[in-house]
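So you know, we letter chains A, B, ... as the sequences are listed, proteins then strands, and number each from 1. Hydrogens, waters and symmetry mates play no part in the numbers below; they use all other heavy atoms, side chains included.
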Amino acid sequence: MTIQRPRGTRDFLPEETMKRGRARKAMQDVLERWGYQEVSTPTFEHLELFTKKSGASVMEEIYSFPDKGGRDLALRPELTAPVMRMYVSELQNSPKPQRLCYFGNCFRYERPQKGRFREFWQLGAELIGGAKPDSEAEAIALSDQMLKSVGVTCDIHVGYLGLIRSMLGKIDAQHRPQVMRMIDKKEHEALEAFLQEIGQSHLGLQELINLKGKKALDKAIDIAKVLGQVKEPSDILDSNVPSESMQAGRSSARQGRSVDAELRMDEFQETVNLLEAYGVDFKIDFEIVRGLEYYSGTVFEIYAEGLGAQRQICGGGTYELASLFGGKETSSTGFGLGFDRIMEIVQIEEKQTSPVFLVYTPDVKVEAIRIAKTLRRMDPKVPVILDVMGRSLTAQLKAAASAGAGFAIIIGRDELDAGSLTLRDMKEGTQESFTLADIEDRLKMTFLDS
RNA sequence: GCCGGGAUAGGGUAGUGGUUAUCCUGAGGGACUGUGGAUCCCUCGAGCUGGGUUCGAAUCCCGGUCCCGGCCCCA
């Protein structure tokens, strides 16, 4: 019996691996053009890093284990926390802002389905320590460019927690998580009923989240004016919302520590202006709240079609995590792209360099190896393949043909005695004698064109 | 964790409670000891797993594993 892959994991065959590599490179080229530098962090971390960030409830979906020394470790379920941990311990004294990006596998113990696996890849960026509107616009525009670079058309929704959290400040702390959850889950009727029940339906929350785009922004500005007049500083969200207020028995990541979010409508308006300057096509949508307590400013999500139930391919926003990991308070903006979901809908041309086969008779094997060595130093690079099965010339040519070789170089005693080699064009079925140097030149010309 | 559908050579498949389990493709070799993907020949290669029913199970039943889709959740 053969051994199976663990549930929710995948093997990537050469073709798929090549496709993933190209898509990754296309998006990383964009990151590079925007000045983001790649970092990488360990595959496993102390469990505490993730529970601290996202609450104890993530334990249900985390691959955690004690090591032989009794430490509680976890396979990383995401990459923002590790990157911020690294920032706090190694990069706090480096010039601001820090533009970091990453690509790595992550692990979650979840039920696999379309676009969801237990081992998956995230590609993301963090812009640490910049001014909010500028950073937010840059992050959103950057993710837009990255997706465009692989031919993915998508739908960008941008929300603002500064406003939502300030509005929630008018509601009893114990009710806030539930309201957030209902906004996030788009449970409109339940939200309306609940706000009625607690006597807060006058806030305008329902009207706000039902509006999209420019109208939503106008409404938001109106609300902010009213809120601004009556706001008391101490009335902003306090950071000790009791998690008992969560629905009993419910599993959710929304139980982490909350952070302050100031009502700075002017900042959000600036973000919107800058996004327009970047030429990003987006939709203002205050229903985007990303549930989590550490988000503090603009938040955004990007959706794509053709992905079944898992439509979201990117999520991000402005957050405060540095202080949570023991660093100085530093607000950052970041986003993560679901690489596997993007791979499902990517539009990139797949061209493969067709290899060159060295076809030789057994008596000149040593010379064939030397020739292979020369050709492998050539630029542009081209796969050079030597038979290792002791096959006949016929069989070698057959193998070359079925591997899609562009050229075969035939090497035998006759050729070597004449000081030349036979270059066979596999597509045309023609062949000619050349010196090795001439063959190199011809191959260079051919592969430069393609 | 829940619901539904699946699992037969490396890939794709057919079929039946009863001899050597279809077919296509693939892979290796040969016809073709120095020239191609055709053709022909040979070879390799399979009923997820554990139990039950039965004279006999790949087929029927139950559990498990994995896959696909949906729910839940999605840092």
- Query: Hey, what do you get for NE2 (A:H46) to CZ (A:F44), rounding to the nearest 0.5 Å?
  - Reply: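 Rounded to the nearest 0.5 Å, the NE2-CZ separation comes out at 9.5 Å.
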- Query: Atom CD1 in A:I439, atom OG1 in A:T446: separation rounded to 0.5 Å?
  - Reply: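 Between A:I439 CD1 and A:T446 OG1, I get 11.5 Å after rounding to 0.5 Å.
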Taking OP1 and OP2 of [N], is either one under 4.0 Å from a side-chain nitrogen or oxygen of [X]?
{"X": "A:R116", "N": "B:C74", "answer": "no"}
{"X": "A:K398", "N": "B:G37", "answer": "yes"}
{"X": "A:Q113", "N": "B:G70", "answer": "yes"}

- Item | A:R290 (side chain) and B:A75 (base): donor-acceptor pair under 3.5 Å |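 Checked by distance alone, the answer is no.
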- Ignoring hydrogens and angles, does a donor from either the side chain of A:R391 or the base of B:G29 sit under 3.5 Å from an acceptor on the other?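 Such a pair does not exist between side chain and base.
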When you get a sec, tell me which of [options] is the closest nucleotide to the side chain of [X]?
{"X": "A:R111", "options": "B:C74, B:U35, B:G4", "result": "B:G4"}
{"X": "A:Q4", "options": "B:A75, B:C66, B:G37", "result": "B:C66"}
{"X": "A:S402", "options": "B:C74, B:G34, B:G37", "result": "B:G37"}

Round to the nearest Å and state the distance from [X] atom [atom1] to [N] atom [atom2].
{"X": "A:I288", "N": "B:A75", "atom1": "CD1", "atom2": "P", "answer": "12 Å"}
{"X": "A:E415", "N": "B:U35", "atom1": "CD", "atom2": "P", "answer": "12 Å"}
{"X": "A:K186", "N": "B:C72", "atom1": "NZ", "atom2": "P", "answer": "14 Å"}
{"X": "A:F117", "N": "B:G69", "atom1": "CZ", "atom2": "P", "answer": "8 Å"}
{"X": "A:R7", "N": "B:G69", "atom1": "CZ", "atom2": "P", "answer": "12 Å"}
{"X": "A:L321", "N": "B:A75", "atom1": "CG", "atom2": "P", "answer": "13 Å"}

- Using the P atom on both, measure B:C60 against B:G6 and round to a whole Å.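 Between the two P atoms, the distance is 11 Å.
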Paired with [N]: which nucleotide, if any, by Watson-Crick or G-U wobble criteria at under 3.5 Å for both distances?
{"N": "B:C60", "result": "B:G52"}
{"N": "B:U65", "result": "B:A7"}
{"N": "B:G1", "result": "B:C71"}
{"N": "B:U39", "result": "B:A31"}

So what does [X] hit on the nucleic acid, given a heavy-atom distance under 4.0 Å: a base, only sugar-phosphate, or nothing?
{"X": "A:Q310", "answer": "base"}
{"X": "A:D363", "answer": "nothing"}
{"X": "A:G336", "answer": "nothing"}
{"X": "A:Q431", "answer": "base"}

- Query: Which class fits the ring pair A:F268 and A:Y160: parallel under 30°, tilted 30 to 60°, perpendicular over 60°?
  - Reply: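 Because their plane-to-plane angle is under 30°, the rings of A:F268 and A:Y160 count as parallel.
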- Message: Between A:E78 and A:R108, does the side chain to side chain contact (heavy atoms under 4.5 Å, CB included) criterion hold? Intermediate values first, please.
- Response: CA-CA 9 Å; A:E78 48 121 353; A:R108 291 184 195 174; 3.9 Å; yes
- Is there a donor-acceptor contact under 3.5 Å from the side chain of A:R311 to the main chain of A:Y303?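 Checking the backbone N and O of A:Y303 against the side chain of A:R311, no donor-acceptor pair under 3.5 Å is found.
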- Glycosidic conformation of B:G30, syn or anti, with 90° from 0 as the boundary?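 For B:G30, whose glycosidic angle is more than 90° from 0, the conformation is anti.
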- Message: Can you give me the closest heavy-atom contact between A:Q122 and A:L79, atom names plus distance?
- Response: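 For A:Q122 and A:L79, the tightest heavy-atom pair comes out as OE1-N, 3.6 Å.
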